[in-house]
Enquirer: 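Sharing a structure, written as structure tokens. Questions coming.
It should be emphasised that the depicted structure is a prediction, and the values quoted were computed from it without experimental measurement. Residues: numbered from 1 along the sequence shown.
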Amino acid sequence: MSSKLPNTTHDDITLGQYPSPLAKLYHNEKALAERTCFVQPHSDGRVEEFSWSQHVDQVRRMAAHLKSLSLEPGSRIALMSSNCAHWIMADFAIWMAGHISVPLYPILSASSIQKILEHSEAKVLFVGKLDGWEAMSAGVPDDIRTIAMPLAPSSTTTTERWADIVAQTPPMRENPAPESDKVATIIYTSGTTGMPKGVMHSFATLATVGTLTGTLYGTDQADRMLSYLPLAHVAERAAVQINQLYQEFTVYFSGSLETFADDLRRAQPTLFFAVPRIWMKLQQRVLEQIPAKKLDRLLKLPIISGIVRRKLTKALGMNKVRIGVSGAAPLSNSLMSWYQSLGITILEGYAMSENFAYSHSTQLGEAKIGYVGNANPFVDCKLSAEGEILIKSPTNMLGYYLQPELSAETIDADGYLHTGDKGSIDQNGRLKITGRFKEIFKTSKGKYVAPAPIEDLLLRNTALEQVCVTGADLPQPIALATLSESAVKQSSDGAFKAELLQSLAELIKDTNSKLDKHENISTLVLFNELWSVDNNFMTPTLKVKRAQLEEAHQNRFTAWSDSKELLFWEDGTI
């Protein structure tokens with residue numbers, strides 16, 4: 001079974017038919033010289049704006065400096081920073097100097113940093129706005145040259161500093177034009193299962209994504225975006241850096257988690273991309289002000305509901321949002337419905353690092369809750385006999401860096417990317433993700449269980465923030481979960497705790513009534529500590545590391561399963 005948009009199959013596109021990223025940058029430098037490109041907040045409260053001409057001037061100066069280092073053409077140059085204007089400047093400078101950029105997540109451990117820098121054979125590392133650079137720096141090999149970007153901590157010790165380089169280096173006058181099929185960047189996956197893989201993408205890939213994504217969502221110069229998710233994440237890089245380059249709108253950056261609300265109100269984005277965890281956090285912020293039951297009542301009142309919606313979306317800084325997009329992980333149906341009740345339609349998308357976030361998307365007016373949309377223009381999608389989603393996109397990767405055998409296993413002879421995801425396609429060509437093959441487990445009764453649909457049902461209760469369903473070799477699946485911050489704060493209150501436990505017990509019973517018998521949850525275990533990047537239970541893209549979570553608690557699964565209690569805390573209390 002396959003899904004295609006009429007007249008826009010993979011065969012209808014030619015590699016390199018769109019202007020390359022650098023060609024588009026040179027165009028914007030002249031055509032949009034004085035237009036605002038970036039809005040960058042500083043820790044002291046200042047807000048700095050960069051025009052397109054100022055942006056490209058710094059790119060040219062840094063590119064000239066990188067050329068002066070006499071590195072072998074195509075050398076790998078890494079960059080590690082929280083989101084900021086200079087992250088994007090550094091990326092373009094690397095390309096203009098004839099090299100390959102290697103983004104690193106800004107929250108990696110020293111060990112992970114070392115593995116990626118050594119595997120990519122990086123020669124230079126840009127160091128930017130980071131928390132904990134002193135600990136991270138232990139992972140940087142001694143022979144790598146380091147350059148501190150402007151927002152790097154003042155205590156950062158590096159070989160050189162960005163400000164000194166651009167002050168002392170004349171801008172490059174040439175307009176280098178790398179061939180479209182050359183490697184532009186190596187993106188290391190967030191690593192839910194082990195050592196990240198280096199995904200290689202060409203300049204043609206970036207040009208295709210930038211051009212076609214704008215067409216999909218009708219973006220233009222009048223739009224605004226807030227950049228806050230790591231630019232090392234392929235979805236953020238595609239939505240912000242590459243989309244902005246081709247659609248020419250202004251990008252605002254977030255200063256920190258503490259200033260996020262103010263940053264969002266300043267930007268008043270018209271386009272807002274978030275992963276499910278962020279959409280959930282924004283929902284929790286609303287429910288801390290107005291209890292869910294009260295809000296539900298207000299939204300059912302004809303006149304008052306409109307006033308409530310306008311006030312809430314304005315307070316969130318989302319009153320100008322015309323397109324909200326969710327990706328990187330499945331969004332629960334209940335959360336999508338909740339936002340719809342506020343008048344915010346979230347369009348789900350589906351893609352991965354291996355196709356540079358260009359695969360499937362939902363269009364306004366065509367959303368179907370539980371589905372991630374149709375195949376994008378020029379993308380072919382089909383299901384294998386086992387139900388695996390296979391994608392043939394013009395943006396499919398060139399392969400994994402230094403891993404030809406794995407590359408051949410992942411993209412077959414016909415050019416289809418084997419995603420590892422299980423899905424179904426409806427009569428209108430819309431794709432539904434039903435789980436990952438690696439996550440499906442077998443119970444001791446010999447029955448196979450896909451955890452994702454069960455997790456989605458459990459997340460209907462807003463008191464739960466994270467859920468992981470597991471149960472290999474157990475009689476029935478069990479669910480592990482963490483509570484939202486507001487639920488944790490209130491759980492010390494006896495009356496609230498009793499109401500919470502009652503609502504969760506009802507949730508389990510209702511969930512089980514919607515499942516086959518072998519999928520029924522036998523118990524729900526509540527964890528006091530949130531799963532996070534810091535405790536290694538979440539990836540930098542905020543997805544639960546299922547394997548690590550199961551390994552850490554495997555020795556207690558049997559006892560939890562045999563307890564006969566419907567729910568309790570991990571310490572055994574009820």
Enquirer: Using 0.5 Å steps for rounding, measure from the OH atom of Tyr400 to the OG atom of Ser353.
Expert: 8.5 Å
Enquirer: Please determine whether side-chain hydrogen bond (donor to acceptor under 3.5 Å, both in side chains) holds for the pair Asp91 and Ser101, giving the CA-CA distance in whole Å, both sets of side-chain angles, and the decisive distance to 0.1 Å.
Expert: CA-CA 6 Å; Asp91 203 15; Ser101 62; 2.7 Å; yes
Enquirer: Once salt bridge (Lys or Arg N to Asp or Glu O under 4.0 Å) is applied, do any residues pair with Arg224, and if so which ones, sequence neighbours excluded?
Expert: none
Enquirer: Ion pair present between Glu485 and Arg285, side-chain N to carboxylate O less than 4.0 angstrom?
Expert: no
Enquirer: Nearest 0.5 Å please: distance from the CG atom of Asn175 over to the CZ atom of Arg173.
Expert: 10.5 Å
Enquirer: Supply the atom-to-atom distance Met200 CE to Ile186 CD1, rounded to the nearest 0.5 angstrom.
Expert: 6.5 Å
Enquirer: For Thr146 and Thr159, which I'm curious about, is there any donor-acceptor pair between the side chains at under 3.5 Å?
Expert: yes
Enquirer: Taking the ring centre of each residue, are Phe272 and Tyr228 less than 6.0 Å apart?
Expert: yes
Enquirer: Look at atom NZ of Lys281 and say whether more than 12 heavy atoms of other residues, nucleotides or ligands are closer to it than 6.0 Å.
Expert: yes
Enquirer: Got a sec, which pairs hit ring-ring contact (aromatic ring centres under 6.0 Å, His included) with one end in residues 143-181, sequence neighbours left out?
Expert: His86-Trp162, Phe126-Trp162
Enquirer: Mind checking what makes ring pair (Phe, Tyr, Trp, His ring centres under 6.0 Å) contact with Tyr252, not counting sequence neighbours?
Expert: none
Enquirer: Tell me if the centroids of the rings in Phe253 and Trp87 come within less than 6.0 Å of each other.
Expert: no
